Amino acid sequence: MTVTTTAPPSVASLDLGVIGNCTIAALIDRRARIVWSCFPRFDRDPVFCSLIDNQIDDGEDAMPRKGVFAIEMAGMTRCEQSYLDNTAILSSVLSDDHGNALEILDFAPRFVRYERFFRPPQLVRRVRRISGRPRIRVVVKPCLGLGEEPDEITRGSNHVRFVGADQTIRLTTDAPISYVLEGIPFAVEKPFSFFIGSDEALRAEIETTSREFLDKTTDYWRDWVRSLSIPFEWQREVIRAAITLKLCSFEESGAIVAALTTSIPEAPGTQRNWDYRFCWLRDAYFVVHALNRLGTTRTMEDYLGFITNIVDTYSESGAEHLPPLYPITRGGELREFEVQSLAGYRGHAPVRVGNGAATQIQNDGYGAVVLAATHSFFDRRLIQPGKEALFAQLERMGERAIAVFDKPDAGPWELRERQVVHSFSSVMCWAACDRLARIAGTLGRADRREYWRSEARRLKDIISDRIWNQEKGHFVSTFDGTDLDATLLLIAELGFVAAEDPRYIATVEAIGRELGRGDLILRYGTEDDFGFMHTGFLICAFWYVDALHAIGRKDEAKELFGRILQRRNSFGLLSEDADLETGELWGNFPQTYSMVGLINSAMRLSRNWEEAF
């Protein structure tokens, strides 16, 4: 997929490409500018943050005032961008109307060195002439701290240091340093490379190192893609989604963040601006399913390790409630605060760091952890020592699920001002008991299997009675309620009801009627703390596709899936939400949940390879 832009964007956009190496990541706009990247890892302060600052210098190039790394070609009229096939390496070809052209290759090094993964907090930009005599102006304006400019800038013969109070960023290049610092245009007569990252000297020749890193990173990604299990249909779409999911994983701990950004609003004119650079337990079940279907055993095993470490920590802490989200290393604060030094995406303030939902009571988390960990007991590819001990800890999770299944919580949509007994949370608590019975069976623990079966039956009887509304003729979102929400689409996949159950079919049809907006689905149709929803939550659209397929409306599901794919941006990526009318992407980006939904739906809907030819 190659995309072309011919006019300079005047406002920020989510038409962005992503590069990374499972330590850091960066977002690149349609003029090949790095507009978002955090150092030295996903959840730290953004060094490049113009995506959420909205301050533009006067002039034709609409250059952000800070938080940007731009390589501007004089007289550029076109920018053609595409990923190198089956990689996370982005090519941007800049050209003018007079035969001048150049290419920028952007990537973060990732490959095996000394029998371990080399994935430094570092970005590499390679510039080469294609034709004519192109001239470039390099603009490097990092922020150190939240939107703050460096305290000091120092230089050497081939590097620039941007010095802040808490960290220092180093740019190493074989381009003329004075031209870079002073923003003076110069001709690209030979290849130039730019390394930017932590304040460490590059102890090798710049061009040779750049070329070596590029070749080895290309080989790594193509080898990784070769190992994927992919559907016959929508191969390109699934490969790009899989690479993006991989880029959202923090390999050191195994965590997978919900998104790489903070404070991209869920809709225009709203204050639903949240920080998504953390790991939500709710995502665990769906992420594990996607990773398993893709055959990415190493990433799945690392992620399950992160989840089971949470089980250990929770068991040891004696805490009453399980936090719904965690930092990517499980340590540190998630205290939410607003940042005044950044103006916000398109001026949509506030910019938030941290997430207050971490202190909420969300009772579905117990089921989410047990569901994810269940995989460890059944997948023979995974060598999981200490299964009996892990089972004992999961049983504590199950006991908490029994205790809270009928208690009010903030629910899956993280309501901030009210609590009710949410159907989804209750069903997930049932799922914890159901899966613990299955785990006990595989461990040969007949007594515990019968105990958990009995508790699962008891919870199911109560929940089924409380979430079915006879007058409405469908399941409802809360105990004894009347309203719908999109999580009800999941109760068949979770095994709570059969897809053939008339009650489930009626619920799917009701959601289509009442929450459907064109090809998109609202999370819910009622007013919440911030008003009514004005965008469709993309994962809900994929849930609806899966539900249609499950109840036998397979052709309709496949057609709808194809239309939802058209909501992806020019690089094949999705955010959290889409405008109901225009389809424009909103919400944090790229959204792991959305990419997982794409993968899972494609796997369900595609013809088998055996059927294809």
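Note that the coordinates shown come from a computational prediction; the quantities given were computed from them, not determined experimentally. FYI, the numbering just counts along the sequence from 1.
In this structure, Asp406 contributes its side chain and Val421 its backbone to no donor-acceptor pair below 3.5 Å. A donor-acceptor pair is defined here as one N or O able to donate and one able to accept, closer than 3.5 Å; no such pair exists between the side chain of Gln393 and the backbone of Tyr314. Looking at Ser423, its side chain does come within 3.5 Å of a backbone N or O of Val476 through a donor-acceptor pair. Ser575 places a side-chain N or O within donor-acceptor distance of the main-chain N or O of Asp577, the cut-off being under 3.5 Å. Without hydrogens or angle criteria, Tyr366 side chain to Leu322 main chain gives a donor-acceptor distance under 3.5 Å. A donor-acceptor pair under 3.5 Å is formed between the side chain of Thr535 and the backbone N or O of Glu266. Formation of a donor-acceptor pair under 3.5 Å by the Lys460 side chain with backbone atoms of Phe496 is found in this model. For Asn569 (side chain) and Phe571 (main-chain N/O), a donor-acceptor pair under 3.5 Å exists by modelled atom type. A distance-only check finds a donor-acceptor pair linking the side chain of Glu233 to the backbone of Arg607 [under 3.5 Å]. The closest donor-acceptor contact from the side chain of Asp485 to the backbone of Tyr524 lies at 3.5 Å or more, if one exists at all.
Interatomic distance, Gln591 CD to Cys248 SG, rounded to the nearest 0.5 Å: 9.0 Å. Here the OG atom belonging to Ser425 is positioned 7.0 Å from the CZ atom belonging to Arg282, to the nearest 0.5 angstrom. The line from OG1 of Thr262 to CZ of Arg277 is 5.5 Å long, rounded to the nearest 0.5 Å. To the nearest 0.5 Å, atoms CD1 (Ile463) and CZ (Arg458) are separated by 9.5 Å. The OG1 atom of Thr442 sits 7.0 Å away from the NZ atom of Lys387 when rounded to the nearest 0.5 Å. The structure places CD1 of Ile230 at 15.5 Å from CZ of Arg293, a figure rounded to the nearest 0.5 Å.
We find that Asp555 and Lys558 are not joined by a salt bridge, their nearest charged nitrogen and carboxylate oxygen being 4.0 Å or further apart. Ion pairing between a basic and an acidic side chain is recognised when a charged N comes within 4.0 Å of a carboxylate O; Glu559 and Arg553 show no such pairing. The pair Arg457-Asp461 does not count as a salt bridge, with every side-chain nitrogen at least 4.0 angstrom from each carboxylate oxygen. Salt bridge status for Arg298 with Glu301: absent, with no side-chain N to carboxylate O gap under 4.0 Å. The residues Glu450 and Arg453 are annotated as salt-bridged, a charged nitrogen and a carboxylate oxygen being separated by less than 4.0 angstrom. Using a cutoff of 4.0 Å between basic side-chain nitrogens and carboxylate oxygens, Asp312 and Arg330 are not scored as salt-bridged. Ionic pairing of Glu576 and Arg272 is not present here: no N-O contact between side-chain nitrogen and carboxylate oxygen is shorter than 4.0 angstrom. A salt bridge links Arg416 to Glu336: at least one charged side-chain nitrogen sits closer than 4.0 Å to a carboxylate oxygen.
Minimum interatomic distance between Leu580 and Gly536 (heavy atoms only, all atoms of both residues): CD2-N, 3.5 Å. Scanning all heavy atoms of the two residues, the minimum distance from Arg449 to Ala440 falls at N-CB, 3.5 Å. In this structure, Leu281 and Val369 approach most closely via the heavy-atom pair CD1-CG2, 3.9 Å. Residues Leu394 and Ala373 come closest through the heavy atom pair CD1-CB, 3.9 Å. Shown here for Phe306 and Ile328, the closest heavy-atom pair between the two residues is CE1-O, 3.5 Å. Taking every heavy atom of both residues into account, Ala547 and Leu489 meet most closely at CB-CD2, 3.9 Å.
Open room surrounds CD on Glu581; 12 or fewer heavy atoms of other groups in view lie less than 6.0 Å from it. Applying the 6.0 Å contact sphere to NZ of Lys554 captures no more than 12 heavy atoms from other residues, nucleotides or ligands. Heavy-atom contacts from other residues, nucleotides or ligands closer than 6.0 Å to CD of Glu252 number 12 or fewer.
The shortest distance between side-chain heavy atoms of Asp519 and Tyr544 does not fall below 4.5 Å. Under the 4.5 Å side-chain criterion, counting only non-hydrogen atoms from C-beta, Phe377 is in contact with Leu390. Residues Pro590 and Leu27 form a side-chain contact, since some pair of their non-hydrogen atoms from C-beta on lies under 4.5 Å apart. In this structure the side chain of Val257 never reaches within 4.5 angstrom of the side chain of Asp43, judged on heavy atoms. Side-chain contact between Leu520 and Leu538 is present, with heavy atoms from C-beta onward closer than 4.5 Å.
Figure legend: cation-pi geometry between Arg523 and Phe537, with NZ or CZ positioned under 6.0 Å from the six-membered ring centre and within 45° of its axis. Taking the centre and axis of the six-membered ring of Phe391, the NZ or CZ atom of Arg445 falls outside the cone set by 45° and 6.0 Å.
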Can you check side-chain contact (heavy atoms from CB on, under 4.5 Å) on Leu490 and Tyr285, steps first, answer last? CA-CA 12 Å; Leu490 299 171; Tyr285 169 74; over 6 Å; no

Check the pair Ser477, Asp483 against side-chain hydrogen bond (donor to acceptor under 3.5 Å, both in side chains), reporting the backbone distance first and the verdict last. CA-CA 6 Å; Ser477 61; Asp483 299 317; 5.4 Å; no

Val596/Asp283 under side-chain contact (heavy atoms from CB on, under 4.5 Å): CA gap, chis, key distance, verdict: CA-CA 9 Å; Val596 163; Asp283 301 355; over 6 Å; no

Between Ile462 and Phe405, does the side-chain contact (heavy atoms from CB on, under 4.5 Å) criterion hold? Intermediate values first, please. CA-CA 10 Å; Ile462 296 170; Phe405 84 97; 3.8 Å; yes

Assess whether side-chain contact (heavy atoms from CB on, under 4.5 Å) is satisfied between Thr296 and Lys246, documenting all intermediate values. CA-CA 9 Å; Thr296 55; Lys246 178 71 171 175; over 6 Å; no

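Ring geometry for Trp224 against Trp221 counts as perpendicular: the plane angle is over 60°, on a 0 to 90° scale with 30° as the lower cut.
Under the 6.0 Å cut-off for aromatic ring centres, His348 and Trp586 qualify, their centroids lying closer than that.
Neither side chain, Glu493 nor Trp543, offers a donor N or O lying under 3.5 Å from an acceptor on the other. Remark: the Arg381 side chain and the Thr297 side chain contain an N/O donor-acceptor pair separated by less than 3.5 Å.
Each of Phe278, Trp274, Trp280 was evaluated against Tyr276; a single residue qualifies, Trp280, per the ring pair (Phe, Tyr, Trp, His ring centres under 6.0 Å) test.
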